[in-house]
Structures are given as C-alpha cells and as structure tokens.
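Numbering of ligands and ligand atoms starts at 1, following listing order. Excluded from the calculations below are hydrogen atoms, water molecules and symmetry mates; all remaining heavy atoms, backbone and side chain alike, are included.
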Amino acid sequence: MRWLEAFHIIFVVTWFAGLFYLPRLFVYAAENPNPPTIDLLKIMQRRLMMITHIGGATAVVLGLSLLIAEPWHLASGGWMHAKLVLVAGLIGYHLWCWRLVGIFARDLNRHSSRWYRLFNEAPALFLVIVVILVVVKPF
Ligand code: HEM
C-alpha cells in the first residue's frame, strides 16, 4: 500500500497548493479595482479551481481506497475519526472557495481583502492538525 500512500500524499499536496493560493487570488481581486487586472485574476481563479478539484477529488478517493485496503486504521484509536471530521471541514472550505470563484465571476464580491486574508489562514490550520494526527497518532 506504500504506492497508494505515496500518491495520496502527492494529491494532498496538489489540493493544498490550490487551497493556499486561491484565497490569495481573492485578496488581490478584492484589492484591485482595475478591470483588466480583475479579468486576469478571474481567469487565474477559474483555472486554479479546476486543478484544486482534481487534487482534492483524487486525494480523497486515494485516501478512501487506503482506508478500504487497511480498515484497521479506524480501530487504532480516534485519530482517523478526527482526521475524517477535519477532511469533511476541508471539503466544506473547498466548496466555499468554489462558490467565491462564482461570485467573483459575476462581479458580486462584497468581502474586503482583510476578510480574505483571514479566510486564507484556515487551510494552514487544517493541514497542521491533520498531519499531526496521521503522523503522531496522539490518540
Ligand atoms: C477522505 C479523506 C482521507 C482519507 C480516507 C485518508 C486516509 C488515509 C489513510 C488510511 C492513510 C494511511 C495511514 C497510515 O498508514 O498510518 C493516510 C495517510 C496519510 N494521509 Fe490521508 N486520508 C484522507 C485525506 C487526507 C488529507 C486531506 C490529508 C492532509 C491534510 C492527508 C494526509 C495524509 C498523510 C500525510 C498521510 C501519511 C501518514 C504516514 O504515513 O505517516 N490525508 N490517509
């Protein structure tokens, strides 16, 4: 299962590249009233969203395949359950980013760049806790 795990981690990294950079594009778009710049940022948001969908969906499918192949992880303490709850939160964050890409596309953004800067902090928090859960397995 080492191959499956290797590709699981590769796609998790791809997913997080998008979850880290999409909100930065929202910050730039919220700060920039210049129409040609906004148009370029909208294209970048849409393309990065596609890569983030691919990374996220593949990471989750490979993670679930690992779990089916090695079901004992669910019985070895509560760390896997906690991880699954956090992954559900990450999927929620991903869907929220997708919704925001649509809002920018229709020029309907109402949030400030400061709001997006705070929004941008969430994936780092998820990443730190999930990696500690899967590597340290504290409970
Ligand atoms: C539904 C989603 C997911 C499922 C079902 C899942 C499941 C798994 C399983 C069963 C393992 C093997 C655990 C072991 O051998 O100790 C694993 C490894 C790992 N997962 Fe996930 N995972 C998911 C999403 C994620 C996410 C979102 C992240 C990062 C934020 C992540 C990070 C990792 C890492 C770093 C490892 C390697 C741990 C190690 O070998 O020490 N996974 N995952």
**Q** Is it true that Tyr28 and Tyr116 have ring centroids separated by less than 6.0 Å?
**A** no
**Q** Is Leu84 close enough to touch ligand 1? Criterion: a residue heavy atom under 4.0 Å from a ligand atom.
**A** yes
**Q** Quick one: list whatever passes side-chain contact (heavy atoms from CB on, under 4.5 Å) with Leu66, sequence neighbours left out.
**A** Met1, Leu4, Glu5, His8, Glu70
**Q** Could you tell me which atoms of ligand 1, counted from 1 in the order shown, lie closer than 4.0 angstrom to a heavy atom of Trp15?
**A** 27 (C)
**Q** What protein N/O/S atoms are there under 2.8 Å from atom 21 (Fe) of ligand 1, waters excluded?
**A** His8 NE2, Lys83 NZ
**Q** Assess whether atom CH2 of Trp115 is packed by more than 12 heavy atoms of other residues, nucleotides or ligands within 6.0 Å.
**A** yes
**Q** Residues in side-chain contact (heavy atoms from CB on, under 4.5 Å) with Leu74, at least two apart?
**A** Leu67, Met80, His81, Leu84
**Q** Taking the side chain as everything from C-beta on, heavy atoms only, tell me whether Leu86 gets closer than 4.5 Å to Leu90.
**A** no
**Q** Provide, to 0.1 Å, the distance between atom 12 (C) of ligand 1 and the closest protein heavy atom, together with that atom's residue and name.
**A** His73 NE2, 3.8 Å
**Q** Tyr93 and Pro23: which non-hydrogen atoms are nearest, and at how many Å?
**A** OH-CG, 3.3 Å
**Q** With the threshold set at under 4.0 angstrom, would you say Phe16 reaches ligand 1 through any of its heavy atoms?
**A** yes
**Q** Is there a polar contact, in the sense of an N or O pair closer than 3.5 Å, between Lys137 and ligand 1?
**A** yes
**Q** Just so I know, are the side chains of Leu127 and Phe20 near enough to count as touching, which here means a heavy-atom distance under 4.5 Å?
**A** yes
**Q** Between Val101 and Phe26, is any pair of side-chain heavy atoms under 4.5 Å apart?
**A** yes
**Q** Mind checking what makes side-chain contact (heavy atoms from CB on, under 4.5 Å) contact with Asp39, not counting sequence neighbours?
**A** Lys42
**Q** Hey, are the side chains of Trp15 and His94 touching, using non-hydrogen atoms and a 4.5 Å cut-off?
**A** yes
**Q** Could you tell me, atom by atom, which parts of ligand 1 come under 4.0 Å of a heavy atom of Val60?
**A** 1 (C)
**Q** Closest by any non-hydrogen atom to atom 9 (C) of ligand 1: pick that one out of Glu5, Met80, Glu70.
**A** Met80
**Q** Out of all atoms in ligand 1, which are within 4.0 Å of some heavy atom of Leu90? Include the element for each.
**A** 27 (C)
